[in-house]
Amino acid sequence: MKTTIIGVAGGTASGKSTLVRKLQEAFQEEEVLILCHDFYYKAHDELPLEERAKLNYDHPDAFDTDVMVADIQELKAGRSIARPVYSFVEHNRLPQTVEVHPARVIILDGILILENKKLRDLMDVKVFVDTDADVRLGRRLSRDIQERGRSVDSVLDQYFGTVKPMHEEFVEPSKKYADLIIPEGGFNSVALSLLMENIRSLITKDLYSSMH
Ligand code: ADP
Ligand code: C5P
Ligand code: MG
């Protein structure tokens, strides 16, 4: 089975995860697998919660990217993996893992996945979701307060302390590696349907070539 790998990068709250979820919903569950770079944030069991909350989570070194690369290679080789589980509320990796099976299409989701050459080299299609910084900050405020256990002050301190400077240093420059730049993410229905058609034809072509 040939595995097609699609990378979806872009700044925080640009709409990556929304886009990727909508893409997956258009296919059968076993056809498309989502693997987020976020699952691979490093564990920090050695620090108390208030110290973990102060770490820089927007620098490439915050992630165990080599483990993610190894997991993708396992999936490509047709073997299942036990992927890590991350909690934004705990600012830490959780003890449990999730068993993940190989799929025809793997979508990678993360702010820095285009910044990393090993991940880039695994991708067949590279997408960058491009949303203005003020829109992203607004979305991040509401999402992190509703879903990630944060306060207005903590989101703003983190945004101006690390998120924005790291975005400018690492995320924005990685846009140059994209094959496709999508404004506004998951609510861009034209871009969404083009990507869906592309994935559908990749799956069909693969099925056809495996029968002949
Ligand atoms: P990312 O994964 O890039 O950080 P998300 O997909 O989690 O971004 O989106 C961040 C927040 O913005 C979520 O609460 C989501 O529901 C919302 N959102 C995403 N896309 C849009 C959009 N086009 N318009 C309005 N809100 C959006
Ligand atoms: O979904 P999104 O792309 O926004 O996820 C990445 C963001 O998660 C990063 O900008 C990082 O600041 C944030 N993050 C966090 N707390 C953590 C880990 C990541 O706020 N413990
Ligand atoms: Mg996300």
Side-chain angles (χ1 to χ4, degrees), residues 6-25 34-65 68 84-94 107-116 119 126-172 174-175 178 180-193 195:
I6 300 174
V8 179
T12 180
S14 55
K16 301 179 294 296
S17 301
T18 306
L19 174 89
V20 157
R21 263 194 306 274
K22 288 193 179 180
L23 275 177
Q24 193 193 35
E25 281 165 14
I34 298 173
L35 215 51
C36 297
H37 208 189
D38 300 349
F39 301 155
Y40 295 86
Y41 269 117
K42 287 176 181 164
H44 285 287
D45 297 328
E46 75 286 5
L47 297 173
L49 177 64
E50 59 274 23
E51 292 301 318
R52 294 198 300 269
K54 293 183 201 149
L55 296 176
N56 179 347
Y57 291 104
D58 293 75
H59 188 280
D61 292 347
F63 301 85
D64 263 339
T65 305
M68 184 177 186
V85 178
Y86 190 75
S87 164
F88 290 99
V89 176
E90 297 296 326
H91 293 281
N92 211 357
R93 195 174 286 181
L94 299 180
I107 307 182
L108 311 180
D109 164 348
I111 52 174
L112 288 166
I113 55 168
L114 287 185
E115 187 275 338
N116 185 282
L119 285 177
K126 303 183 199 71
V127 177
F128 190 96
V129 179
D130 202 11
T131 304
D132 289 349
D134 54 352
V135 175
R136 290 190 295 101
L137 174 57
R139 288 182 189 171
R140 175 146 173 161
L141 265 169
S142 29
R143 182 196 62 193
D144 284 11
I145 291 165
Q146 281 168 38
E147 296 172 21
R148 295 187 177 177
R150 310 296 165 86
S151 64
V152 173
D153 284 349
S154 83
V155 176
L156 293 178
D157 286 350
Q158 185 188 10
Y159 186 83
F160 292 110
T162 47
V163 178
K164 183 179 156 82
M166 296 299 103
H167 178 90
E168 287 166 359
E169 188 171 347
F170 296 108
V171 183
E172 193 63 30
S174 75
K175 199 196 314 191
L180 202 64
I181 296 174
I182 299 183
E184 296 289 324
F187 288 68
N188 183 330
S189 58
V190 175
L192 197 62
S193 68
L195 269 177

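Order of appearance sets the numbers: ligands from 1, and atoms from 1 within every ligand.
With respect to atom 12 (O) of ligand 1, the closest heavy atom belonging to the protein is R139 CD, 3.2 Å. Given atom 3 (O) of ligand 2, the protein heavy atom at minimum distance is K16 NZ, 2.8 Å. With hydrogens left out, the protein atom closest to atom 14 (O) of ligand 1 is R143 CB, 3.8 Å, a heavy atom. The protein atom (non-hydrogen) at minimum distance from atom 11 (C) of ligand 2 is D58 OD1, 3.2 Å. Closest to atom 8 (O) of ligand 1 among all protein heavy atoms lies G15 N, 3.2 Å. Of the protein's non-hydrogen atoms, the one nearest atom 16 (O) of ligand 1 is T18 OG1, 4.2 Å. Regarding atom 4 (O) of ligand 2, its nearest protein heavy-atom neighbour is T12 OG1, 2.6 Å. Of the protein's non-hydrogen atoms, F187 CD1, 2.9 Å is the one closest to atom 23 (N) of ligand 1.
To the nearest 0.5 Å, the span separating NE2 on H167 from CG on L112 amounts to 10.0 Å. Taken from CZ in R150 to CG in L141, the straight-line distance is 11.5 Å, to the nearest 0.5 Å. Between the OH atom in Y86 and the CG atom in D64 there is a gap of 11.0 Å [rounded to 0.5 Å].
Taking all atoms of both residues into account, the shortest heavy-atom contact from D58 to M166 is O-CB, 3.2 Å.
Atoms of ligand 2 lying under 4.0 Å from any heavy atom of V163, numbered from 1 in the order shown and given with element: 12 (O). Set against the non-hydrogen atoms of E184, the atoms of ligand 1 under 4.0 Å away are 23 (N). Taking a cut-off of under 4.0 Å to the non-hydrogen atoms of A13, the atoms of ligand 1 that pass are 1 (P), 3 (O), 4 (O), 8 (O), 10 (C). Using a 4.0 Å cut-off to heavy atoms of S17, the atoms of ligand 1 that qualify are 1 (P), 2 (O), 6 (O). Counting the atoms of ligand 2 from 1 in the order shown, those under 4.0 Å from a heavy atom of H91 are 16 (N), 17 (C), 21 (N).
Taking the six-membered ring where tryptophan is involved, the planes of Y41 and F88 are perpendicular, since the angle between them exceeds 60° and thus also 30°.
Residue contacts with ligand 2: R143 is included, with a non-hydrogen atom under 4.0 Å away. The shell of residues lying under 4.0 angstrom from ligand 1, judged by heavy atoms, excludes G10. At least one heavy atom of G11 sits less than 4.0 Å from an atom of ligand 1.
Considering R148, R150, R140 only, the shortest heavy-atom separation from atom 1 (O) of ligand 2 involves R148. Taking each of F63, Y86, Y41, Y159 in turn, the one with a heavy atom nearest to atom 19 (C) of ligand 2 proves to be Y41.
Remark: E115 does not engage K126 in a salt bridge, criterion side-chain N to carboxylate O under 4.0 Å. Between E168 and K164 there is a salt bridge, since at least one side-chain N of the basic residue sits less than 4.0 Å from a carboxylate O of the acidic one.
For the pair R52 (side chain) and E90 (backbone), a donor-acceptor distance under 3.5 Å is present. Side-chain N or O atoms of K16 include one that pairs as donor or acceptor with a backbone N or O of G10 at under 3.5 Å. A donor-acceptor distance shorter than 3.5 angstrom exists from the side chain of R139 to the backbone of A13, with no hydrogens or angles considered. With hydrogens and angles ignored, the 3.5 Å screen pairs a side-chain donor or acceptor of H59 with a backbone N or O of D61.
T12 and R140 share a side-chain donor-acceptor pair at under 3.5 Å. With no hydrogens or angles considered, a side-chain donor-acceptor pair links H37 and T65 at under 3.5 Å.
Contacts of L55 with ligand 2, taken as heavy-atom pairs under 4.0 Å, are absent altogether. Contact annotation for A13 and ligand 2: only backbone heavy atoms (N, CA, C, O) come within less than 4.0 Å of the ligand.
Among the atoms of S17, an N, O or S atom falls under 2.8 Å from the Mg ion (ligand 3).
Checking only distances, S14 does come within under 3.5 Å of ligand 1, N or O to N or O. Residue contacts with ligand 2: Q158 is placed with a nitrogen or oxygen under 3.5 Å of a nitrogen or oxygen of the ligand (distance criterion only).
Because its NZ or CZ atom is both nearer than 6.0 Å to the ring centre of F187 and within 45° of the ring axis, K22 counts as a cation-pi partner of that residue.
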